[in-house]
Amino acid sequence: MKTVSIINLKGGVAKTVSAINIAAVLVKEHQKRVLLVDADKQANTSKFFGLHDEGKPSLSDLLTMRNTAREIIRPTSMPGLDIIPANMSLLVADKQVLLDVQTPQQTRLRDELEEVREDYDFCVIDNAPDLNMTAVNALVASNDVMIPIKIDRFAFDGMPILVDQINRLKKSFNRDLRIAGCFVTIMERNKVNTQGIDVLDRRMIADFPMFKTVIRKTVKVSEMTFLGSALIEYAPRSTAAQDYVRLVNEYLEMC
Ligand SMILES: Nc1ncnc2c1ncn2[C@@H]1O[C@H](COP(=O)(O)OP(=O)(O)O)[C@@H](O)[C@H]1O
Ligand SMILES: [Mg+2]
């Protein structure tokens with residue numbers, strides 16, 4: 001099982017939309033068995049699949065070691081795609097992990113996922129815009145990091161901190177952790193976006209790789225979130241569906 005974290009310290013950059021669609025493309029186009037981990041207390045990924053429940057075991061019970069991964073994993077409506085859901089209890093669980101210094105804090109998700117590594121080809125983690133204990137656990141459990149970026153004036157906010165944190169975790173816990181690359185999301189064909197990409201290219205090439213694929217903006221994404229069906233199922237010919245297929249191809253070439 002290869003694990004990839006979708007992360008950016010900014011909200012609204014399409015982390016959740018990307019995690020769902022990358023996972024769905026891996027299942028539908030490549031016949032991979034995929035585990036999607038919702039690591040955001042907002043639980044948008046869980047809600048998307050109709051699997052959000054404040055009362056049922058979720059990622060927080062895994063991080064606080066009340067349940068094993070197998071006890072928490074739920075099937076989604078898409079055969080081949082399972083999920084570890086999240087809910088608001090992650091807010092408290094994150095603090096509990098932080099205070100519980102008796103047990104290793106950063107490796108809990110990695111150790112639990114280890115138990116199911118034969119069941120899946122890929123694990124995709126949808127992260128919160130945060131660097132809390134949950135995000136640290138996600139990064140320690142990951143082989144790769146993919147960073148969605150929305151072009152605007154503040155597109156780079158938090159990037160140095162994120163990269164610094166990744167490098168620290170690499171040193172202490174996860175030597176093989178790799179930034180697979182950044183990719184531009186919610187792309188509109190206008191001057192600001194086109195020039196923005198030029199600037200990004202120049203800045204990023206020096207620091208870490210950029211995926212060539214750009215995810216275009218389309219109303220189909222918002223429709224998809226209401227229907228709870230990934231683009232590859234709901235609108236396979238839409239621009240963004242094709243873009244996610246291309247992005248996954250690019251990623252698989254590096255695996
Ligand atoms: N390719 C796209 N085209 C149009 N809207 C998009 C696209 N990708 C994401 N969005 C919208 O942008 C918003 C933020 O996306 P989301 O995945 O929830 O971001 P994050 O998880 O980073 O906070 C949502 O309203 C979503 O529907
Ligand atoms: Mg999100």
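Numbering of ligands and ligand atoms starts at 1, following listing order. Note that this is a predicted model, so its numbers are computed, not measured.
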Top protein contact for atom 16 (P) of ligand 1, by heavy-atom distance:
Ala14 CA, 3.7 Å

Give me the atom names and distance for the closest heavy-atom approach of Cys123 to Leu113.
SG-CD1, 4.0 Å

Side-chain (Asn174) to main-chain (Leu139) donor-acceptor, under 3.5 angstrom
yes

Is the number of heavy atoms from other residues, nucleotides or ligands under 6.0 Å of Lys150 NZ greater than 12?
no

May I ask you to check if ligand 1 and Thr16 share an N or O to N or O distance below 3.5 Å?
yes

Would you find a donor on one side and an acceptor on the other, under 3.5 Å apart, between the side chain of Asp94 and the backbone of Leu90?
no

Quick check for you: to the nearest 0.5 Å, what is the distance between Leu247 atom CG and Asn21 atom CG?
10.0 Å

Is there at least one protein heavy-atom neighbour under 4.0 Å from atom 24 (C) of ligand 1?
no

Is it the case that Asp243 and Thr213 place a side-chain donor and acceptor less than 3.5 Å from each other?
no

Going by the atom numbers of ligand 1, which of them fall below 4.0 Å from some non-hydrogen atom of Gly11?
23 (O)

State whether the side chain of Ser46 and the backbone N or O of Ala86 hold a donor-acceptor pair below 3.5 Å, judged by distance alone.
yes

Indicate yes or no for a side-chain donor-acceptor contact from Asp61 to the backbone of Ser58 under 3.5 Å, with no hydrogens or angles considered.
yes

Near Val13 (heavy-atom distance under 4.0 Å), the atoms of ligand 1 are 19 (O), 20 (P), 22 (O)

Does ligand 1 come near enough to Val221 that some N or O of the ligand is less than 3.5 Å from an N or O of the residue?
no

Heavy-atom neighbours of Ile161 CD1 exceed 12 at 6.0 Å:
no

Are any of the N/O atoms in Lys15 less than 3.5 Å from those in ligand 1?
yes

Please check whether Val17 reaches ligand 1 - meaning an N/O of the residue sits under 3.5 Å from an N/O of the ligand, judged on distance alone.
yes

Considering heavy atoms of the protein only, find what lies nearest to atom 1 (N) of ligand 1 and give residue, atom and distance to 0.1 Å.
Arg216 O, 2.9 Å

In terms of side-chain geometry, is the basic nitrogen of Arg108 or Asp100 positioned less than 4.0 Å from the acidic oxygen of its partner?
yes

Protein non-hydrogen atom below 4.0 angstrom of atom 13 (C) of ligand 1 present
no

Could you tell me the separation between the CZ atom of Phe49 and the CE atom of Met78, rounded to the nearest 0.5 Å?
6.5 Å

Sub-3.5 Å N/O-N/O distance, Gly12 and ligand 1
yes

Give me the nearest non-hydrogen protein atom to atom 3 (N) of ligand 1 as residue plus atom name, then the distance to 0.1 Å.
Thr218 N, 3.0 Å

State the count of protein N/O/S atoms located less than 2.8 Å away from the Mg ion (ligand 2).
1

Close N or O approach (Thr225, ligand 1; < 3.5 Å):
no

Determine, stepwise, if the pair Glu115 / Arg70 fulfils salt bridge (charged side-chain N to carboxylate O under 4.0 Å, His left out).
CA-CA 8 Å; Glu115 301 295 316; Arg70 270 215 179 81; 5.5 Å; no

